[in-house]
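Read through the structure below, which is laid out as C-alpha cells, and then see the notes.
We number each residue from 1, following the sequence as shown. In listed order, ligands and their atoms are each counted from 1. The figures that follow rest on heavy atoms only: side chains count, while hydrogens, waters and symmetry mates do not.
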Amino acid sequence: MSTLVTGATGQVGRRVLTELRRRGLPAAGASRDGEVRLDWTDTGSWNHALEGVESLFVTVPMASGLAERAGAFMERAVEKGVGTAVLVTAMGAESGPPDSEQRVLERRIRELFDQWTVVRPNWLDQDFTEGLFARIARSRRGRLELPLSKRAEVSFVDAKDVTDTVVAALTDKRHHEHEYTLTGPNPVSFRDVVRMTKGTESPVWRYKKVDEAGFYFRATNMGWSDRYVDTLNERFRAIADGKAARVTDDVRRALDRDPVPMAKFIRESVL
Ligand SMILES: NC(=O)c1ccc[n+]([C@@H]2O[C@H](COP(=O)([O-])OP(=O)(O)OC[C@H]3O[C@@H](n4cnc5c(N)ncnc54)[C@H](OP(=O)(O)O)[C@@H]3O)[C@@H](O)[C@H]2O)c1
C-alpha cells in the first residue's frame with residue numbers, strides 16, 4: 001500500500017515524492033505526464049491511479065477550474081478505501097469567497113476523510129528560482145516586473161518546509177485534523193531579495209514595479225489565461241495590503257524546528 005502524490009511534476013509534488021522515497025516509503029507520482037497517468041478531467045484514468053493507494057497527497061494548479069474534478073476524485077478515493085489525505089492550498093485560502101476553488105477543495109477534504117490535513121503555504125522562496133517570478137524575470141533579462149512596490153513584503157516560505165510538513169502529515173497521525181498556514185521566519189521585501197541575489201546565478205536580479213494593465217499585457221503575452229492572471233492580481237493585492245507579510249508559528253508547530261530563512265535558501269541554491 002502506498003501514497004499517491006498528485007501534481008508530481010510540479011514544484012511541491014515533485015519534492016513530496018522525492019522525500020517520501022528518500023525515507024524508504026512506497027509512493028507513486030501522478031499527473032498527466034507522471035509515472036502514473038492521472039488527468040483530473042479524465043475519469044477513466046482515476047481507478048488505475050488509485051490501485052493499492054492508502055494515502056493521498058492532493059495539489060491542484062491555481063485558477064485551473066479543476067477543483068470540482070479533484071473533489072470528485074477524492075470521493076472516488078474514499079470509495080476505494082483511501083483513509084488519509086493531505087491537501088495543499090495557499091495562505092489566505094480560508095478567507096476567500098466560499099465558492100473559490102481552494103475553499104471548495106478544503107471543504108471536500110474535511111467532509112470526505114477521517115484523517116485529513118490542510119497545508120496553506122505563503123509564496124515560495126522557489127518562485128524566484130524555478131517558479132513564477134523566475135519565469136517572468138527570464139523573459140525580461142533578469143528583471144522581475146510586478147504590479148507591486150519593491151518595498152512590498154512577503155513572509156516567503158521554503159518549499160522544504162512545505163514538503164516536510166506534508167510528509168509529516170502523511171506519516172504521523174498527530175497532524176490529522178490540523179490546518180497549517182506556513183510562512184518563513186520574517187517578512188522580506190522584493191528589494192531585499194534582489195539585494196540578496198546580487199552576484200549570484202539567480203534568474204531574478206533586478207526589479208521594476210509595473211501597473212496592473214502593464215502586468216496584464218506581459219502576462220497574456222506569456223500565454224497565461226485571464227482566470228490565472230485575475231487570480232494572480234488578487235494575490236498581489238493581498239501582498240499590497242500587507243496580508244502576505246504575516247508570520248505564523250506553524251512550521252514550528254508542525255515540525256518542531258524553525259522555518260528556513262530566505263537568506264539561507266539563496267545561499268544554498270543560487271550562490
Ligand atoms: N508556488 C507558490 O508560490 C505557491 C504558494 C502557495 C500555494 N501554492 C499552491 O501549491 C499547489 C502546487 O503548486 P505548484 O507550484 O507545485 O504547482 P505546479 O508547479 O503548477 O504544478 C501543477 C501540477 O499539476 C499537474 N496538472 C496540471 N494539470 C493537470 C490535470 N489536468 N490533471 C492532473 N494533473 C495536472 C501538473 O503536471 P502535468 O502537467 O504533468 O499534468 C503539475 O504536476 C497549488 O495549489 C498552488 O496554488 C503554490
For ligand 1, is there an N or O atom under 3.5 Å from any N or O atom of [X]?
{"X": "G10", "answer": "yes"}
{"X": "V12", "answer": "yes"}
{"X": "R235", "answer": "no"}
{"X": "D33", "answer": "yes"}
{"X": "D127", "answer": "yes"}
{"X": "G7", "answer": "yes"}
{"X": "S31", "answer": "yes"}
{"X": "L124", "answer": "yes"}

Open item on the list: Looking at ligand 1, would P61 count as a contact under a 4.0 Å heavy-atom criterion?
Closed with: yes
Any donor-acceptor N/O pair, [X] side chain to [Y] backbone, under 3.5 Å:
{"X": "T197", "Y": "V204", "result": "yes"}
{"X": "S45", "Y": "D39", "result": "yes"}
{"X": "N122", "Y": "M91", "result": "no"}

Nearest-contact summary for [atom] - protein heavy atom, Å:
{"atom": "atom 41 (O) of ligand 1", "value": "R32 NE, 2.7 Å"}
{"atom": "atom 12 (C) of ligand 1", "value": "T59 OG1, 2.9 Å"}
{"atom": "atom 5 (C) of ligand 1", "value": "N122 O, 3.4 Å"}
{"atom": "atom 32 (N) of ligand 1", "value": "W40 N, 3.0 Å"}

Any idea which atoms of ligand 1 are less than 4.0 Å away from a heavy-atom of [X]?
{"X": "Q102", "value": "45 (O), 47 (O)"}
{"X": "L66", "value": "31 (N)"}
{"X": "M62", "value": "47 (O)"}
{"X": "A90", "value": "6 (C), 7 (C)"}

Task: R140, K208, R206 screened by side-chain hydrogen bond (donor to acceptor under 3.5 Å, both in side chains) with E145, the one that passes - done: R140
Task: Side-chain donor-acceptor contact under 3.5 Å, T84 with Q115 - done: yes
TODO: Please check if a non-hydrogen protein atom sits closer than 4.0 Å to atom 48 (C) of ligand 1.
DONE: no
Open item on the list: Below 30° counts as parallel, above 60° as perpendicular, anything between as tilted: where do the rings of F73 and W46 land?
Closed with: perpendicular
TODO: Classify the ring geometry between F215 and W224 as parallel (under 30°), tilted (30 to 60°) or perpendicular (over 60°).
DONE: tilted
Open item on the list: Check R135 with E130, please: is the shortest side-chain N to carboxylate O separation under 4.0 Å?
Closed with: no
Task: L132 contact mode with ligand 1 (heavy-atom cut-off under 4.0 Å) - done: neither
TODO: Check each heavy atom of A8 against ligand 1 and say whether those closer than 4.0 Å belong to the side chain, the backbone, both or neither.
DONE: backbone
Task: Candidate with minimal heavy-atom separation from atom 9 (C) of ligand 1, of V58, T89, T9 - done: T89
Open item on the list: Measuring from atom 44 (C) of ligand 1, which candidate in V157, V60, V88 has the nearest non-hydrogen atom?
Closed with: V60
TODO: Using ring pair (Phe, Tyr, Trp, His ring centres under 6.0 Å) as the criterion, point out the one residue from F265, F128, W123 that pairs with F156.
DONE: F128
